Number of protein chains: 2
Amino acid sequence: MRVPRIADSTVARLCSYHRILEELAQEGRRLVSSRRLAERAGVTSAQVRKDLSYFGTFGRRGLGYHVQRLHEELRAILGLDRRWDCALVGAGHIARALYSYQDFRRRGFHFVAIFDTNEELVGQRWGEVEIQHVRRLVPEVRRLGVRLGVVATPARAAQEAVDLLVAAGVTGVLNFAPRKLNVPPEVHLRNVNMAIEFESLAYSLRAAEARGRRRRAVPVEE
Amino acid sequence: MRVPRIADSTVARLCSYHRILEELAQEGRRLVSSRRLAERAGVTSAQVRKDLSYFGTFGRRGLGYHVQRLHEELRAILGLDRRWDCALVGAGHIARALYSYQDFRRRGFHFVAIFDTNEELVGQRWGEVEIQHVRRLVPEVRRLGVRLGVVATPARAAQEAVDLLVAAGVTGVLNFAPRKLNVPPEVHLRNVNMAIEFESLAYSLRAAEARGRRRRAVPVEE
DNA sequence: TGTTGTGAAGGCGTTCACAGCC
DNA sequence: GGCTGTGAACGCCTTCACAACA
């Protein structure tokens, strides 16, 4: 399979195509055009075709794409045709939300270990998983062969958490703490910062207001 | 104040500069160069200067930026110099995580109303806020003058939730449900999809593995 | 006629590099 | 010497537009 280096934005769109194809299959559709797919994803049809073309040719001219086949192709391209075991560090509200999010499990992401430093949480069970003390992280993550770690600790504990994960051999880390983390270059790090989402929206709203005021104050002719 | 149309990525960086300046102020620093700021943010110094230049000239050649002053400038630019009341639709785990995230409150985001359709949740209190039935959404959001809505419902309920928020007069919506939402053009919509973060990371890990295998199979000379 | 696949063109964000100022 | 502010160059992602095919 082709494994090109592609933009983050492209991967994000592929994920949404993958989800839409799942829905289309449930609706009983056999074929879909790039135009239809684009409409549901909120992008242009040329964008859909270009995105797919990085990985091969999946459509048939004049007809479109076979829903089931394209769904499976994308599943394999995105690496969702297998199980991804994850270790969760921090057992607070964000961790709980991630753990409970059914969508993940359906796509192959399983939280198989949870760690915290709070002695009151250690020993509690979330479903089949018992929360363990962070002391146990390295041996447990090694034993389970987990390669994907999720940091959901307070900011001050995040660097230590990721250091332990790396020491235990994970190769990918998703960071939900609002702090820049240092990892060796071979480890893939992705940051998710929900505060930035709120702040970006605040900027847009404030900017729109300011522009509105300005337009009213100095009306444009025409 | 200048209110240019800038890229999303620029706003995200401004948010991180803002946070870093807060830390620098706490550390007691008076001045900071674009190079230092850039290092802590994980970008280039030219990027920092360019980002700031969209809004004015804040530095002094040969010296750098005044930490406290730049912090306040960014605070105003990002619209964080005031209170943002938010309405939360859906009172599940994601909502609970957002509600509990202290960082938001410190930056002026307050959840002043929470809605759900689950009768068992209605009437419960989170801090000072009582969960109300979604039936009460429009009058309550109107009464409180809330302009920022957060959709944290299951996917199937998300469009209805956002329709109610829009009917009640919100001008900005943050959507945590994995579903494309339709809103009128004057309403600002931002989507946050945590599944995409996991899937993007899975792509990177799988791609790195595939490239690794390939490199070992066909070793490069040198 | 309808639709894909893809080089070429376009647009936009980032980086460069240096004049200008401390 | 140190550092900012910024036009110009660069590179990358998106859009265009059309040949190829059903």
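Basis for what follows: all heavy atoms, side chains included, without hydrogens, waters or symmetry-related copies. Letters A, B, ... are given to chains in the order of the sequence lines, protein chains preceding strands, and every chain is numbered from 1. In this text the structure is predicted, and so the values were computed from the model without any measurement.
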Participant: For the residue pair A:Phe109 and A:Phe104, does the interplanar ring angle fall in the parallel (under 30°), tilted (30 to 60°) or perpendicular (over 60°) class?
Facilitator: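 Rings of A:Phe109 and A:Phe104: perpendicular, over 60°.
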Participant: Answer yes or no: are there more than 12 heavy-atom neighbours, outside B:Arg156 itself, under 6.0 Å from its atom CZ?
Facilitator: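 Open: at most 12 neighbouring heavy atoms sit under 6.0 Å from CZ of B:Arg156.
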Participant: Tell me, please, the opening and closing nucleotides of DNA chain D, 5' to 3', among those with an atom under 4.0 angstrom from a non-hydrogen atom of chain A.
Facilitator: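 From 5' to 3', the first and last contacting nucleotides are D:dC13 to D:dA22.
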Participant: Of A:Arg49 and B:Leu52, whose nearest nucleotide on DNA chain D comes first from the 5' end?
Facilitator: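 The 5'-side residue here is B:Leu52.
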Participant: Looking only at heavy atoms, what is the nearest atom pair of B:Arg142 and B:Ala168, with distance?
Facilitator: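 Of all heavy-atom pairs spanning B:Arg142 and B:Ala168, the closest is CG-O, 3.6 Å.
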Participant: Less than 4.0 angstrom from a charged side-chain N to a carboxylate O is my criterion; do B:Arg36 and B:Glu27 meet it?
Facilitator: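 Judged by the 4.0 Å cut-off on N to carboxylate O distance, B:Arg36 and B:Glu27 do not form a salt bridge.
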Participant: Considering every strand and a 4.0 Å limit on heavy-atom distances, what is the contact class for B:Ser45: base, sugar-phosphate, or nothing?
Facilitator: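 Contact class for B:Ser45: none.
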Participant: Start at the 5' end of DNA chain D and walk down; is the nucleotide closest to A:Tyr54 or to B:Ser34 reached first?
Facilitator: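 The residue whose closest nucleotide sits nearer the 5' end is B:Ser34.
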Participant: Answer yes or no: is there an ion pair linking B:Asp81 with A:Arg206, defined by an N-O contact shorter than 4.0 Å?
Facilitator: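 Salt bridge: no.
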Participant: Where each residue is assigned the nucleotide of DNA chain C containing its nearest heavy atom, which of A:Ser53 and A:Leu63 is assigned the position nearer the 5′ end?
Facilitator: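 First, find each residue's nearest nucleotide; the 5'-ward one identifies A:Leu63.
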Participant: Please determine if A:Arg19 and A:Glu23 form a salt bridge, counting it only when a charged side-chain N lies under 4.0 Å from a carboxylate O.
Facilitator: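 Salt bridge absent between A:Arg19 and A:Glu23.
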Participant: Which of parallel (below 30°), tilted (30 to 60°) and perpendicular (above 60°) describes B:Tyr99 and B:Phe111?
Facilitator: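 Correct class here is tilted.
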Participant: Need one value for B:Arg36: base, sugar-phosphate or nothing, where a base atom within 4.0 Å counts as base even if backbone is also close, heavy atoms only.
Facilitator: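 The residue B:Arg36 makes no contact with any strand.
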Participant: Looking at A:Asn193, A:Val183, A:Asn191, which hits side chain to side chain contact (heavy atoms under 4.5 Å, CB included) with A:Asn175?
Facilitator: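 Of the listed residues A:Asn193, A:Val183, A:Asn191, the side chain to side chain contact (heavy atoms under 4.5 Å, CB included) partner of A:Asn175 is A:Asn191.
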Participant: Could you tell me from which nucleotide to which nucleotide of DNA chain C, 5' to 3', there is an atom under 4.0 Å from chain B heavy atoms?
Facilitator: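 It runs C:dG13 to C:dC22.
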